[in-house]
Amino acid sequence: MSIKYTKDHEWVLAEGGAATVGITVHAQDALGDVVFVDLPEVGKSFAQGEVAGVVESVKAAADVFMPVSGEVVEVNEALRADPSLANSDPLASGWFFKVKLSEPAQLDALLDAASYDQFAAES
């Protein structure tokens, strides 16, 4: 059970056949104060790389991409009610949605923490 990262600044925590998805600390730093999140619909399936949601801040709006293919099984209603959770606790209570993995092997191609930190420092 380890966190993986995408070059679009999402994190993925896989547990069994499911994964929790959110935005990284780097992403929320770049966005500034998050004021709105548009979360995907439960039951909707996405391919890896498709836009699954939107996060809006006082500075900008950014797409949230699906880091792995799968079906959305849960969204974070607490985040919808209080979007600032994406800033205050992006790697825990600020998670965006949970996905039932359709292609778990896609996780292998995502970045580990050290690789992501290096990528984020260069971007």
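Quick note: residue numbers are just sequence positions, from 1. These numbers were taken from a predicted model, which means no experiment stands behind them.
- Judged by distance alone, with hydrogens and angles left aside, the side-chain atoms of W11 form no donor-acceptor pair with the main-chain N or O of V25 at under 3.5 Å.
- In this structure the side chain of E71 never reaches within 4.5 angstrom of the side chain of L101, judged on heavy atoms.
- Side-chain contact between L31 and K59 is absent, with no heavy-atom pair separated by less than 4.5 Å.
- By the neighbour-count criterion of 12 heavy atoms within 6.0 Å, atom CD of E77 is densely surrounded, having more than that number from other residues, nucleotides or ligands.
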Would F97 and M66 count as a side-chain contact (heavy atoms from CB on, under 4.5 Å) if you check the C-alpha gap in whole Å, the side-chain angles of each, and the deciding distance to 0.1 Å? CA-CA 10 Å; F97 51 86; M66 184 61 75; 3.6 Å; yes
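- Under the 3.5 Å distance criterion, the side-chain polar atoms of N76 are matched with a main-chain donor or acceptor of S93.
- Note on ring orientation: taking the six-membered ring where Trp is involved, the planes of Y5 and Y116 are parallel (angle under 30°, cut-offs 30° and 60°).
- Between the side chain of Q48 and the backbone N or O of P67 there is at least one donor-acceptor pair closer than 3.5 Å.
- Of all heavy-atom pairs spanning A19 and V12, the tightest one is CB-CG1, 3.6 Å.
- With contacts defined as side-chain heavy-atom distances shorter than 4.5 Å, the pair D89/W95 does not qualify.
- No hydrogens or angles considered: a donor-acceptor pair under 3.5 Å links the side chains of D82 and S84.
- The shortest side-chain heavy-atom distance between V58 and V35 falls under the 4.5 Å cut-off.
- Separating the NZ atom in K4 from the CG atom in D112 is a distance of 6.0 Å, to the nearest 0.5 Å.
- In this structure, the ring of F119 has its center no less than 6.0 angstrom from the ring center of H26.
- Counting only heavy atoms from C-beta outward, the side chains of F65 and E10 approach each other to under 4.5 Å.
- Here the straight-line distance linking atom CG of D38 with atom CZ of F96 works out to 10.0 Å at 0.5 Å rounding.
- One distance of note links OG1 of T6 with CD of Q106; it measures 12.5 Å at 0.5 Å rounding.
- S102 contributes a side-chain N or O that, together with a main-chain N or O of S69, makes up a donor-acceptor pair within less than 3.5 Å.
- Put simply, the side chain of S57 never gets that close to the backbone of V34: no donor and acceptor are under 3.5 Å apart.
- Considering only heavy atoms from C-beta on, I23 stays 4.5 Å or farther from H9 through its side chain.
- For the pair E15/T20, a side-chain contact is recorded, criterion being any heavy-atom separation below 4.5 Å from C-beta on.
- To the nearest 0.5 angstrom, L91 atom CG is 7.5 Å from T24 atom OG1.
- Contact annotation: the side chain of L107 approaches that of V68 to within less than 4.5 Å [non-hydrogen atoms, C-beta and beyond].
- Summarising the geometry, atom CD belonging to E74 is positioned 11.0 Å from atom CG belonging to L39; distances are rounded to the nearest 0.5 Å.
- V73 and L79 are members of different hydrophobic clusters when ILVMFWY side chains are connected at heavy-atom separations under 4.5 Å.
- Judged by distance alone, the side chain of D63 and the main-chain N or O of V51 form no donor-acceptor pair under 3.5 Å.
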